[in-house]
Amino acid sequence: MSEQTLTEQIDQHHHDVITERLGVKRLAVEAGEVTDHDQAPAGEADQDAPTLRELALEEAALDLLAARVATAKKDVRARMQTALDAAARRDGVERVVATLPSGETVATISLRAGATGPVVTDEEALARWLRQTYPDQDWTTTRIVREVRPWKLAELVAQMDAAQAAQIIDADTGEVHDVPGVMIKPTRARTHSLLWKKTGRTAMGDAWRNGALAGFMQALTASTEEATA
């Protein structure tokens with residue numbers, strides 16, 4: 001066989017290069033087809049995600065449930081406070097445990113005492129009295145009405161709070177003064193606190209699921225006519 005001419009060699013080289021490139025491209029396409037075949041169709045991964053309508057329904061349901069829970073909690077706290085106050089007066093009871101029907105204690109509710117202290121009911125009367133009793137002291141200011149300087153008012157209230165009386169003692173003379181415009185009255189209402197046991201929340205959740213608290217929870221899902229905004 002005769003040797004190829006230079007032109008024929010160049011043509012053969014071009015043919016080989018093109019063939020090689022076509023083969024590589026075909027392999028790449030086939031590989032891509034296999035990859036695409038193995039992958040899940042577009043959107044299939046999102047099939048388990050909630051739809052917009054499902055999310056809207058979930059939010060609406062939880063909004064209604066949250067409103068009912070808030071109302072029910074406010075009501076039961078008021079009734080619990082009344083019952084605790086009565087028990088404390090009658091029997092000295094200041095603590096009660098929350099126990100599941102199974103007998104397991106899940107939380108403790110304790111009475112928290114209120115506070116009583118001096119409350120300024122007429123600051124103008126107090127300011128006039130201070131000005132008349134201690135004319136040399138710059139404890140008041142005058143605008144339309146005379147007022148006690150805030151720092152001095154806080155100091156006086158602290159003294160009366162310690163004494164639990166609307167009175168102060170003159171540091172120089174030892175005289176006890178009845179202070180006008182101030183009364184000793186409740187400053188914080190009695191309340192109560194709830195302290196969960198370590199496993200209380202888990203036990204309560206189990207009781208919800210097994211129906212042990214069905215009677216307590218029925219009111220939250222009872223059919224009632226809801227007011228529309």
Side-chain angles (χ1 to χ4, degrees), residues 40 43-121 153-154 157-166 182-229:
E44 184 175 318
D46 297 332
Q47 288 181 357
D48 294 334
T51 66
L52 191 60
R53 288 182 180 273
E54 289 171 338
L55 288 172
L57 178 60
E58 182 179 354
E59 181 171 345
L62 291 175
D63 182 79
L64 174 59
L65 183 60
R68 290 190 175 186
V69 167
T71 299
K73 184 177 180 180
K74 181 178 180 180
D75 175 67
V76 74
R77 280 190 64 84
R79 290 186 287 117
M80 171 59 77
Q81 189 64 50
T82 299
L84 278 174
D85 288 341
R89 289 192 300 268
R90 183 180 62 250
D91 305 315
V93 175
E94 296 186 353
R95 181 175 300 176
V96 63
V97 295
T99 306
L100 293 174
S102 63
E104 181 177 357
T105 297
V106 295
T108 300
I109 295 178
S110 304
L111 183 65
R112 298 176 63 181
T116 300
V119 177
V120 177
T121 57
L153 180 59
V157 168
Q159 291 180 33
M160 291 182 280
D161 191 21
Q164 281 294 289
V182 179
M183 294 179 60
I184 302 299
K185 58 188 300 185
T187 56
R188 185 177 66 244
R190 286 162 65 91
T191 184
H192 62 273
S193 62
L194 186 149
L195 178 64
W196 286 96
K197 298 294 184 181
K198 185 175 181 179
T199 60
R201 288 182 173 86
T202 299
M204 184 69 79
D206 292 340
W208 282 346
R209 286 186 289 275
N210 64 30
L213 300 178
F216 295 102
M217 307 305 292
Q218 186 175 3
L220 294 178
T221 54
S223 177
T224 58
E225 184 176 350
E226 300 296 331
T228 56

Checklist entry - If you take all heavy atoms of A166 and M160, which pair is closest and at what distance? => result CA-SD, 3.8 Å

Pairs under 3.5 angstrom only: tabulate donor-acceptor contacts from the side chains of residues 82-95 to other protein residues two or more places apart or in another chain.
{"residue": "T82", "atom": "OG1", "partner": "A78", "partner atom": "O", "Å": "3.1"}
{"residue": "D85", "atom": "OD1", "partner": "Q81", "partner atom": "NE2", "Å": "3.1"}
{"residue": "D85", "atom": "OD1", "partner": "R190", "partner atom": "NE", "Å": "2.9"}
{"residue": "D85", "atom": "OD1", "partner": "R190", "partner atom": "NH2", "Å": "3.3"}
{"residue": "R95", "atom": "NE", "partner": "S110", "partner atom": "OG", "Å": "3.4"}

Next on the checklist: Strictly by side chain to side chain donor-acceptor pair (under 3.5 Å), give each pair with a member in residues 157-166 just once, sequence neighbours left out.
Outcome noted: D161-Q164

Next on the checklist: Testing the basics here: between V120 and L153, what is the closest heavy-atom pair and its distance to 0.1 Å?
Outcome noted: CG2-CD1, 3.7 Å

Checklist outcome for this item: CG (L213) and CG (L100) are apart, to the nearest 0.5 Å, by 6.0 Å

Next on the checklist: Test of understanding: with side-chain hydrogen bond (donor to acceptor under 3.5 Å, both in side chains), list the residues that count as partners of T99, not counting sequence neighbours.
Outcome noted: none

Item to check | R77 versus H192, closest heavy-atom pair with distance | outcome: NH2-O, 3.0 Å

Donor-acceptor contacts under 3.5 Å from residues 199-208 side chains, at least two apart:
{"residue": "D206", "atom": "OD1", "partner": "R209", "partner atom": "NH2", "Å": "2.5"}

Checklist outcome for this item: Residues P101 and A212: closest non-hydrogen pair is CG-O, 3.8 Å

Checklist entry - Which residues pass the side-chain contact (heavy atoms from CB on, under 4.5 Å) test with A98, sequence neighbours left out? => result V106, A107

Next on the checklist: Set out, in order, the CA-CA distance, both residues' side-chain angles and the distance that settles side-chain contact (heavy atoms from CB on, under 4.5 Å) for R79 and D75, then state yes or no.
Outcome noted: CA-CA 6 Å; R79 290 186 287 117; D75 175 67; 2.9 Å; yes

Next on the checklist: Between T121 and M183, is there a side-chain heavy-atom distance shorter than 4.5 Å?
Outcome noted: yes

Next on the checklist: To the closest 0.5 Å, what do you measure between CG (L194) and CD1 (I109)?
Outcome noted: 4.5 Å

Checklist entry - For E59, what residues pass the side-chain contact (heavy atoms from CB on, under 4.5 Å) criterion, not counting sequence neighbours? => result none

Checklist entry - Can you tell me if E58 uses its side chain to pair, donor with acceptor, with the backbone of L55 under 3.5 Å? => result no

